[in-house]
Every structure is written in structure tokens, then in C-alpha cells.
Amino acid sequence: LAFKRYRERAWAIFTAFEAHTRVPSGGYCSLTDVNVVPAVQEDSMPSYFLSETLLYLYLIFSNSSVLPLDVWVMNTEAHPLQIQCASP
């Protein structure tokens with residue numbers, strides 16, 4: 001049930017990105033104020049948007065075998081790091 005709630009929220013976020021930040025040439029842009037509709041777009045896209053934001057959205061909807069969280073952990077830059085067990 002919790003996964004369903006998070007997936008619903010993630011889908012709402014993704015559709016908002018598509019509706020308000022997608023640009024015709026491909027890619028996405030920043031907004032001057034997320035509380036303003038229609039959105040006022042900026043001519044920039046933060047470097048972390050693809051590597052972190054879209055990666056986390058992808059992982060929310062992917063099968064858990066894509067990146068098993070008992071084997072991998074994500075750092076703050078969304079890089080997967082394999083969990084290493086310490087020797088006894």
C-alpha cells in the first residue's frame with residue numbers, strides 16, 4: 001500500500017515536469033516560481049535533474065531487481081555503490 005501511494009505521488013511529479021518544464025527541443029528547464037501557472041520557464045536545466053531526479057523517478061517505477069537495495073546504496077549524487085560487508 002505504501003508503494004502505491006509513493007508511486008501515485010511520483011507520477012504526479014513526473015506529469016507536472018512533462019506539462020510545465022519539458023521544452024520542444026528536448027530536455028527540461030527550470031522554473032522561476034513553481035507556484036505560478038502558467039509556468040515561467042528559465043533557459044537552464046540543473047545538471048542534477050537527469051542524474052538524480054529522473055533516476056529516482058525511474059527507480060520508483062522499476063522492478064526491484066533493477067537495483068536491489070540489499071546489494072546497492074545510493075549516495076547523495078545518485079551514484080549506486082555496492083554494499084561491501086566487513087570481514088569478521
Side-chain angles (χ1 to χ4, degrees):
L1 183 62
F3 282 148
K4 182 179 181 200
R5 181 175 18 165
Y6 288 122
R7 285 183 173 159
E8 288 171 353
R9 290 179 181 171
W11 186 249
I13 291 167
F14 178 73
T15 58
F17 285 149
E18 287 291 306
H20 301 290
T21 67
R22 182 92 180 180
V23 294
S25 60
Y28 298 85
C29 67
S30 295
L31 303 177
T32 58
D33 185 343
V34 297
N35 296 305
V36 175
V37 177
V40 179
Q41 297 180 336
E42 294 183 347
D43 188 18
S44 67
M45 180 182 71
S47 60
Y48 61 82
F49 180 76
L50 296 174
S51 63
E52 294 177 41
T53 308
L54 292 185
L55 171 64
Y56 290 132
L57 283 171
Y58 170 78
L59 290 173
I60 288 170
F61 294 103
S62 67
N63 185 303
S64 62
S65 66
V66 170
L67 193 69
L69 297 179
D70 58 339
V71 178
W72 298 92
V73 65
M74 305 291 277
N75 72 5
T76 57
E77 298 297 318
H79 299 158
L81 303 171
Q82 191 167 18
I83 297 171
Q84 302 291 319
C85 296
S87 332

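Values below: every heavy atom of this structure, side chains too, minus hydrogens, waters and symmetry copies.
Note on Phe14 and Val37: separate hydrophobic clusters, where clusters join Ile, Leu, Val, Met, Phe, Trp and Tyr whose side-chain heavy atoms are under 4.5 Å apart, directly or indirectly. Under the 4.5 Å side-chain heavy-atom criterion for ILVMFWY residues, no single connected hydrophobic cluster contains both Tyr6 and Met74. The hydrophobic cluster containing Phe61 does not contain Phe3, counting ILVMFWY residues as joined when their side-chain heavy atoms lie under 4.5 angstrom apart, directly or transitively. Following chains of ILVMFWY side-chain contacts shorter than 4.5 Å, one can reach Trp11 starting from Ile13, so the two form part of one hydrophobic cluster. When hydrophobic clusters are built by joining Ile, Leu, Val, Met, Phe, Trp and Tyr residues whose side-chain heavy atoms come closer than 4.5 Å, directly or via intermediates, Ile60 is not grouped with Val73.
At least one donor-acceptor pair under 3.5 Å links the side chain of Gln41 to the backbone N or O of His20.
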For this session: Could you walk me through whether Met45 and Thr21 pass side chain to side chain contact (heavy atoms under 4.5 Å, CB included), step by step?
Result: CA-CA 9 Å; Met45 180 182 71; Thr21 67; over 6 Å; no
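Residue pairs that meet the side chain to side chain donor-acceptor pair (under 3.5 Å) test with at least one member in residues 65-80, sequence neighbours left out, are Asn63-Ser65. Within the structure, salt bridge (Lys or Arg N to Asp or Glu O under 4.0 Å) pairs that include any residue of residues 27-45 do not occur (at least two apart or interchain).
Results of the side chain to side chain contact (heavy atoms under 4.5 Å, CB included) test with Tyr58 over Leu67, Thr53, Val66 single out Val66 as the only residue that passes.
The distance between the ring centers of Phe49 and Phe17 falls below 6.0 angstrom.
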